[in-house]
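Heads up: the structure comes next, in structure tokens.
The chain is numbered in sequence order, starting from 1. Values reported hereafter were calculated over all heavy atoms of this structure, with side chains retained and with hydrogens, waters and symmetry mates removed.
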Amino acid sequence: QILDLAGFREAVGVVLGLRHEIAVDTGHLCPEIDLGGGYGIAYTGADPVAPSPAQVARALAEAVRETCERLGDEVPTVSIEPGRAVAGPTTVTLYTVTGLKRVELGAGASRLYVSIDGGMSDNIRPALYEAAYTALVANRRPDPQAGLVRSRVVGKSTVPVGTAQQVAERLAGHALVLWNPEFLREGFAVADTLHPDRIVYGVPADPRDAQEAQTALDAVYQDLLEEGIPRIVTDYPTAELVKTAANSFRSTKISFINAMAHLCDTAGADVTVLADAIGHDPRIGRRFLQAGVGFGGGCLPKDIRALQASADIHGARHLADLLGRVDSINREQRDRIVGLARTHVGGDFSGKAITILGAAFKPLSDDVRDSPALDVASRLADLGAEVTVCDPQALPVVARSHPHLTLEDDPRAALRGAELVLLLTEWDQFVALDPADAADGVAERVIIDGRNALDPVAWREAGWTYAGVGR
């Protein structure tokens, strides 16, 4: 069974968290792979230089250590042995990982993880699955009890609609293809694997194959299904669309409330109270109705653009137009924050000391991919401001990608001498800042709340000029 998980850290954390539950009836779910025990991990990517054994070892060792410490278990020694590399449309390198046998997978059991490079173009993804499958099962040995059972390839990537069918056609006669999309939130991958809000199976059209696929995944998810986790069994295209549709809907809610924030600014209304009021309607809900600088990260922007592209390809013009507007509204929010900052520094950023509270695209993460906070910080620096960025987790990443920015992990030190402060990632430690204490050391008491996370009354009473989004 091949599971692609976005990154070794999440993969190992999930395995150690699930323990033996994920290895149900391994002799039937997956023919044994002759890897000498332990686990098989295949790296696939278009980059001709695959991760070295040392790089893989470091990633695995860190993930194993963190997970075992969290579980209160003894930390095992992890060793990596490089296997063969397969050339083709992509590079596939197979590694044997030993030292994790403490996980009760059963005699001779193996688990295979395919880490698909997230930067791959859509048209190469089916080839990645085929190459990974070929590399991983070339040395398989039949289960003496069950005989040679065809493999099940379980895709978990967020892919363009139609990919699963292409993979199934490439592996026809060799493997049964299922699509089981993941819905993992960044920072909560293990928890969301152990306690998902739903499980989706994309199965083949042939009734016998569909039943075999459902039976196989039911065995894997037996404990979760017995807990009452909803299970949706559907066709390939529907399963492929679930995640991009869900992320696009959440993105639409965010862009809607940001568009309403613009109206509230011009009409003198308060978008936060408006969101509370409409959020009490159970048909709408309050989540994702927080106006601010907009969304970012590696999922929402990518998924709305991917779904927009699929809509264009399949002639769904209205959906493509809608998602295009959702995306543009989101990007415009960053322009509005920069414009608001320009107003509060008198129109000229040159030499202005500006502190940005936040760099990650959201709290509890060090991910700065398409981060609104970092984008605004970089724009202000390009316009001549002296920008200091403060973030409790993301600064090592920022140091590599934006060396021109001044970085400070202590909020009080970051605020020292600031002529303008912008809150752009709503970390708890920033939201909890005491306005009076924060005023000590700043050059000007001016703050832009780009997440509408602060109490305007408290900050104004402490002598600050406060500006929110739509309030």
Side-chain angles (χ1 to χ4, degrees), residues 1-24 59-60 62-64 66-71 73 103 111-116 118 154-159 178-202 217-234 238-251 253-254 285-288 290 295-304 306-307 360-367 369 393 425-428:
Q1 185 179 6
I2 299 175
L3 307 176
D4 62 29
L5 298 178
F8 294 130
R9 288 168 59 87
E10 288 87 350
V12 175
V14 169
V15 170
L16 293 180
L18 287 173
R19 309 253 179 127
H20 63 283
E21 286 88 344
I22 199 171
V24 177
L60 281 169
E62 184 177 1
V64 169
E66 291 179 353
T67 306
C68 288
E69 288 178 352
R70 178 177 55 81
L71 295 173
D73 292 341
V103 183
R111 264 298 168 268
L112 308 177
Y113 295 88
V114 182
S115 183
I116 299 291
V154 183
K156 299 192 72 66
S157 292
T158 304
V159 296
L178 305 79
W179 220 259
N180 177 216
E182 54 84 11
F183 306 105
L184 308 182
R185 296 167 298 163
E186 188 163 337
F188 301 91
V190 174
D192 287 346
T193 299
L194 296 173
H195 306 287
D197 50 21
R198 79 279 207 196
I199 305 170
V200 176
Y201 302 170
L217 286 179
D218 280 351
V220 172
Y221 292 116
Q222 179 180 351
D223 289 347
L224 298 180
L225 296 174
E226 289 176 352
E227 291 177 10
I229 303 297
R231 179 197 62 189
I232 298 93
V233 182
T234 184
T238 305
E240 290 169 315
L241 285 170
V242 171
K243 185 171 182 179
T244 52
N247 281 346
S248 295
F249 184 72
R250 287 194 288 268
S251 301
K253 290 186 72 174
I254 296 170
R286 183 61 172 83
R287 297 192 66 190
F288 298 95
Q290 189 71 16
F295 57 82
C299 289
L300 296 191
K302 169 182 64 67
D303 285 351
I304 62 172
L307 188 56
F361 84 95
K362 71 171 187 176
L364 302 178
S365 173
D366 65 354
D367 193 344
R369 289 176 295 173
Q393 290 189 17
T425 309
E426 64 278 29
W427 287 93
D428 286 346

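- A distance of 8.5 Å separates CZ of Arg287 from NZ of Lys253, quoted to the nearest 0.5 Å.
- Here Asn247 pairs with Lys243, Arg250, Cys299, Leu300, Asp303 under the side-chain contact (heavy atoms from CB on, under 4.5 Å) rule; sequence neighbours left out.
- If you take CG on Asn180 and CD1 on Ile199, they are separated by 7.5 Å, rounding to the nearest 0.5 Å.
- Residues satisfying the side-chain hydrogen bond (donor to acceptor under 3.5 Å, both in side chains) criterion with Asp218, sequence neighbours excluded, are Tyr201, Arg231.
- Closest approach of Leu307 to Ser248, counting heavy atoms only: CD2-OG, 3.4 Å.
- The nearest pair of heavy atoms linking Pro301 to Gly297 is CD-O, 3.6 Å.
- In this structure, Pro181 and Ala239 approach most closely via the heavy-atom pair CG-O, 3.5 Å.
- Taking CG from Asp223 and CD1 from Ile229, the interatomic distance works out to 11.0 Å, rounded to the nearest 0.5 Å.
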Take Ile254 and Gln290, measure what side-chain contact (heavy atoms from CB on, under 4.5 Å) needs, and give me the verdict at the end.
-> CA-CA 7 Å; Ile254 296 170; Gln290 189 71 16; over 6 Å; no

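- Within 6.0 Å of atom CG in Asp197, more than 12 heavy atoms from other residues, nucleotides or ligands are found, so the atom counts as buried in its surroundings.
- Of the inter-residue distances, the one linking Thr158 atom OG1 with Phe183 atom CZ reads 8.5 Å to the nearest 0.5 angstrom.
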Let me check something: any side-chain donor-acceptor pairs from residues 360-367 under 3.5 Å, sequence neighbours excluded? List them with distances.
| residue | atom | partner | partner atom | Å |
| --- | --- | --- | --- | --- |
| Lys362 | NZ | Glu186 | O | 3.0 |
| Ser365 | OG | Glu186 | OE2 | 2.9 |
| Ser365 | OG | Asp367 | N | 2.9 |
| Asp367 | OD1 | Arg369 | N | 2.9 |
| Asp367 | OD1 | Arg369 | NE | 3.1 |
| Asp367 | OD2 | Arg369 | NE | 3.0 |
| Asp367 | OD2 | Arg369 | NH2 | 2.6 |

